[in-house]
Amino acid sequence: MGPHPAVAAIRLAVRRALHDILDDYGRTPGRAPDERPPSPLVLAACSGGADSMALASALAFEAPRLGLRAGGVTVDHGLQAGSDQRAADVVLRLRELGLDPVESVAVSVGRDGGPEAAARDARYAALDAAAERHGAAAVLLGHTRDDQAETVLLGLARGSGIRSLSGMAAVSGAGGRYRRPFLQLDRQTARKACMVQSLSVWDDPHNADPAYTRSRLRHEGLPALEKALGKGVVGALARTAQLSRDDADALDAWAGRAAAGVRDADGNLECAGLRALPPAVRRRVLRRAAIEAGAPAGSLFARHIEEVDRLITGWRGQGAINLPGRVVARRQGGRLVIRQG
């Protein structure tokens with residue numbers, strides 16, 4: 001008799017991700033074709049919640065069958081009383097699953113961008129450091145189709161454009177470090193997999209706290225949409241994310257090619273060439289130029305790019321545009337100059 005359908009679905013998703021990791025790992029630059037690579041390490045990022053515990057359990061089951069080492073890391077954000085003890089409990093549970101190495105990393109959460117963004121930035125910095133410290137080939141994340149739907153709706157609410165609507169990528173980070181095997185699985189499947197395996201899970205009270213935007217969306221916004229539009233909303237939003245990502249990737253590639261054709265010998269952008277580009281491509285060229293000049297990508301919003309775009313499409317002799325990171329964009333003699341200072 002095979003495993004419960006929920007467990008089977010979770011394991012299959014992780015197995016596919018591990019096969020992809022092995023394929024990528026085998027193509028490491030500089031390795032001779034006949035050189036046998038060392039057994040790579042894959043870490044599961046685990047909060048102790050149902051999604052990440054299901055992920056860790058599946059990794060512990062599948063990795064040895066593919067000749068991989070499996071470890072885990074949990075991040076203690078220090079935002080709740082007793083968070084250090086909960087992190088220690090997660091470490092114990094991961095070790096009981098057979099993961100090794102396993103560690104808890106305490107972080108200090110700042111305030112930039114709001115509490116949710118600040119916690120996310122601190123978490124990814126800790127995961128990056130853990131991956132480097134252990135020499136991990138990849139870090140698995142337990143984001144589900146429900147998380148993807150929430151991310152798409154948050155992007156829609158911000159009015160940030162098609163890239164925001166593309167949600168989370170299945171593979172992201174430097175060198176494809178982060179893998180999200182569960183983006184096609186719903187949250188309930190992960191919870192069911194934990195239940196039938198008798199895996200203890202911890203429900204973060206922040207996930208039910210209406211002070212957090214994502215929590216309100218999860219418990220009020222999405223249920224209201226499903227009541228009005230039907231139960232297929234989450235799946236439809238996840239499909240929208242993938243379609244949007246495909247479109248955004250194509251437009252980014254187009255913008256990359258176009259950027260080279262509108263720069264002069266000094267590296268400045270030619271306004272006439274920019275104006276001839278489709279708006280979606282032109283704005284991507286402008287955003288990339290601003291980031292290359294030193295503007296932090298996370299602080300550069302659509303309204304900033306629209307203001308710079310008006311220097312091209314609505315030129316009336318207006319002055320310079322100040323961007324995040326002390327970057328300034330100004331039009332000079334038919335050229336757009338974007339630089340710091």
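Start at 1 with the first residue, then count along the sequence.
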Query raised in the report: Is there a side-chain contact between Trp315 and Cys271, using heavy atoms and a 4.5 Å cut-off?
Result: no
Query raised in the report: How long is the gap from CG on Asp309 to CZ on Arg303, to the nearest 0.5 Å?
Result: 15.5 Å
Query raised in the report: Under a single-linkage rule joining Ile, Leu, Val, Met, Phe, Trp and Tyr whose side-chain heavy atoms are separated by less than 4.5 Å, which residues share a cluster with Val337?
Result: none
Query - Hydrophobic cluster identity match, Leu243 and Leu229, side-chain contacts under 4.5 Å - result: no
Report task. Measure the shortest side-chain to side-chain distance between Val285 and Arg263 over non-hydrogen atoms and say whether it is less than 4.5 angstrom. Result -> no
Requested in this report: Heavy atoms only: give me the nearest Cys194-Ala54 pair and the separation to one decimal.
Outcome: SG-N, 3.6 Å
Query raised in the report: How many angstroms lie between CD1 in Ile312 and CZ in Arg283, if you round to the nearest 0.5 Å?
Result: 12.0 Å
Query - Pair Arg179 + Asp20, salt bridge at N-O below 4.0 Å - result: no
Query raised in the report: For the hydrophobic clusters of this structure (ILVMFWY residues joined by side-chain heavy atoms under 4.5 Å, transitively), does one cluster hold both Leu199 and Leu185?
Result: no
Side-chain donor-acceptor pairs of residues 93-100 under 3.5 Å, sequence neighbours excluded:
from, atom 1, to, atom 2, distance (Å)
Arg93, NH1, Ser200, O, 2.6
Arg95, NH2, Val102, O, 3.4

Query raised in the report: By ring pair (Phe, Tyr, Trp, His ring centres under 6.0 Å), which residues pair with Tyr124, not counting sequence neighbours?
Result: Tyr178
Requested in this report: Show which residues join Met168 in its hydrophobic cluster (side-chain heavy-atom contacts under 4.5 Å, direct or indirect), or state none.
Outcome: Leu183
Query raised in the report: Going only through I, L, V, M, F, W and Y residues with side-chain contacts under 4.5 Å, is there a path from Tyr212 to Leu222?
Result: no
Query - Counterpart residues, side-chain hydrogen bond (donor to acceptor under 3.5 Å, both in side chains), relative to Thr189 (two or more places apart) - result: Asp186
Query - Check: Gly325 main-chain N/O paired with Gln340 side-chain donor or acceptor under 3.5 Å - result: yes
Query raised in the report: Where the side chain of His134 meets the backbone of Ala136, is there a donor-acceptor pair that is under 3.5 Å apart?
Result: no
Report task. Report whether Met53 and Leu55 are members of the same hydrophobic cluster (ILVMFWY, side-chain heavy atoms less than 4.5 Å apart, transitive linking). Result -> no
Query - Any donor-acceptor N/O pair, Asn268 side chain to Arg335 backbone, under 3.5 Å - result: no
Report task. Return yes if some donor-acceptor pair links the side-chain N/O of Arg216 with the main-chain N/O of Pro210 below 3.5 Å, else return no. Result -> yes
Requested in this report: Indicate, with yes or no, if Leu59 and Leu68 share a hydrophobic cluster defined by side-chain heavy-atom contacts under 4.5 Å among Ile, Leu, Val, Met, Phe, Trp and Tyr.
Outcome: yes
Report task. Would you name the heavy atoms of Phe182 and Gly142 that are closest together and state the gap between them? Result -> CD1-O, 4.0 Å
Query raised in the report: Has Arg191 got more than 12 heavy atoms of other residues, nucleotides or ligands less than 6.0 Å from its CZ?
Result: no
Query raised in the report: Would Arg218 and Ser215 satisfy side chain to side chain contact (heavy atoms under 4.5 Å, CB included), going step by step from the backbone distance to the final call?
Result: CA-CA 5 Å; Arg218 180 173 301 177; Ser215 175; 5.6 Å; no
Query raised in the report: Where do Val105 and Arg133 land on the side chain to side chain contact (heavy atoms under 4.5 Å, CB included) test, with the steps shown first?
Result: CA-CA 12 Å; Val105 182; Arg133 190 162 51 250; 3.8 Å; yes
Query raised in the report: What closest approach, in Å, do Val139 and Ala131 show between heavy atoms, and which atom pair accounts for it?
Result: CG2-CB, 3.9 Å
**Report entry** Atom pair OG1/CG of Thr151 and Asp147 - distance to nearest 0.5 Å
**Finding:** 6.5 Å
Report task. Start with the C-alpha distance between Val91 and Glu103, add both sets of side-chain angles, then the distance that settles side chain to side chain contact (heavy atoms under 4.5 Å, CB included), and finish with yes or no. Result -> CA-CA 6 Å; Val91 167; Glu103 69 170 323; 5.9 Å; no
Report summary line: For Val201 and Ala50, the nearest pair of non-hydrogen atoms, with its separation, is CG1-CA, 3.7 Å
Query raised in the report: Between His19 and Leu66, is any pair of side-chain heavy atoms under 4.5 Å apart?
Result: yes
Requested in this report: Compare all side-chain heavy atoms of Leu286 with those of Leu269 and state whether any distance is below 4.5 angstrom.
Outcome: yes
Query raised in the report: Looking at CG of Leu336 and CG of Leu311, how far apart are the two atoms once the value is rounded to the nearest 0.5 Å?
Result: 6.0 Å
Report task. Check the surroundings of atom CZ in Arg16: do more than 12 heavy atoms from other residues, nucleotides or ligands lie under 6.0 Å from it? Result -> no
Query raised in the report: Does any pair with a residue in residues 317-333 pass side chain to side chain donor-acceptor pair (under 3.5 Å), and if so which ones, sequence neighbours excluded?
Result: none
Query raised in the report: Under the side-chain contact (heavy atoms from CB on, under 4.5 Å) test, which residues partner Ile291, sequence neighbours left out?
Result: Arg287, Ala297, Leu300
Query - Student check: side-chain heavy atoms of Ile21 and Leu18 closer than 4.5 Å - result: yes
Query raised in the report: Can you tell if the side chain of Leu127 reaches within under 4.5 Å of the side chain of Leu141, non-hydrogen atoms only?
Result: yes
Query - Sidechain-backbone polar pair: Arg282 side chain, Leu277 backbone, donor-acceptor under 3.5 Å - result: yes
Query raised in the report: So which pairs with a foot in residues 237-258 pass salt bridge (charged side-chain N to carboxylate O under 4.0 Å, His left out), sequence neighbours left out?
Result: Arg163-Asp249, Arg163-Asp252, Asp252-Arg284
Report task. Give every residue pair that meets the side chain to side chain donor-acceptor pair (under 3.5 Å) criterion with at least one member in residues 43-68, sequence neighbours excluded. Result -> Arg15-Glu62, Ser47-Ser52, Ser57-Gln197
**Report entry** For Arg69, side-chain contact (heavy atoms from CB on, under 4.5 Å) partners two or more places apart
**Finding:** Ser39, Leu41
**Report entry** Glu270 versus Gly261, closest heavy-atom pair with distance
**Finding:** OE1-O, 4.4 Å
**Report entry** Shortest non-hydrogen contact between Ala190 and Ile10, atoms and distance
**Finding:** CA-CD1, 4.0 Å
Report task. Output all residues satisfying side-chain contact (heavy atoms from CB on, under 4.5 Å) with Asp84, sequence neighbours left out; order by chain, then residue number. Result -> Asp76
Report summary line: Residue set satisfying side-chain contact (heavy atoms from CB on, under 4.5 Å) with Leu165, at least two apart, ordered chain then number -> Val152, Leu156, Ser244
Query raised in the report: Would you say the side chain of Glu226 lies within less than 4.5 Å of the side chain of Val234, judging by non-hydrogen atoms?
Result: yes
Report task. First locate atom CZ of Arg177, then atom CG of Asp128, and finally report the distance between them rounded to the nearest 0.5 Å. Result -> 5.0 Å
Query raised in the report: Roughly how far, to the nearest 0.5 Å, is the NZ atom of Lys227 from the CG atom of Leu225?
Result: 12.5 Å
Query raised in the report: Hey, are Arg86 and Thr74 close enough side-chain-wise for a donor-acceptor pair under 3.5 Å?
Result: no
Query raised in the report: Is there side-chain contact between His143 and Gln148, with heavy atoms separated by less than 4.5 Å?
Result: no
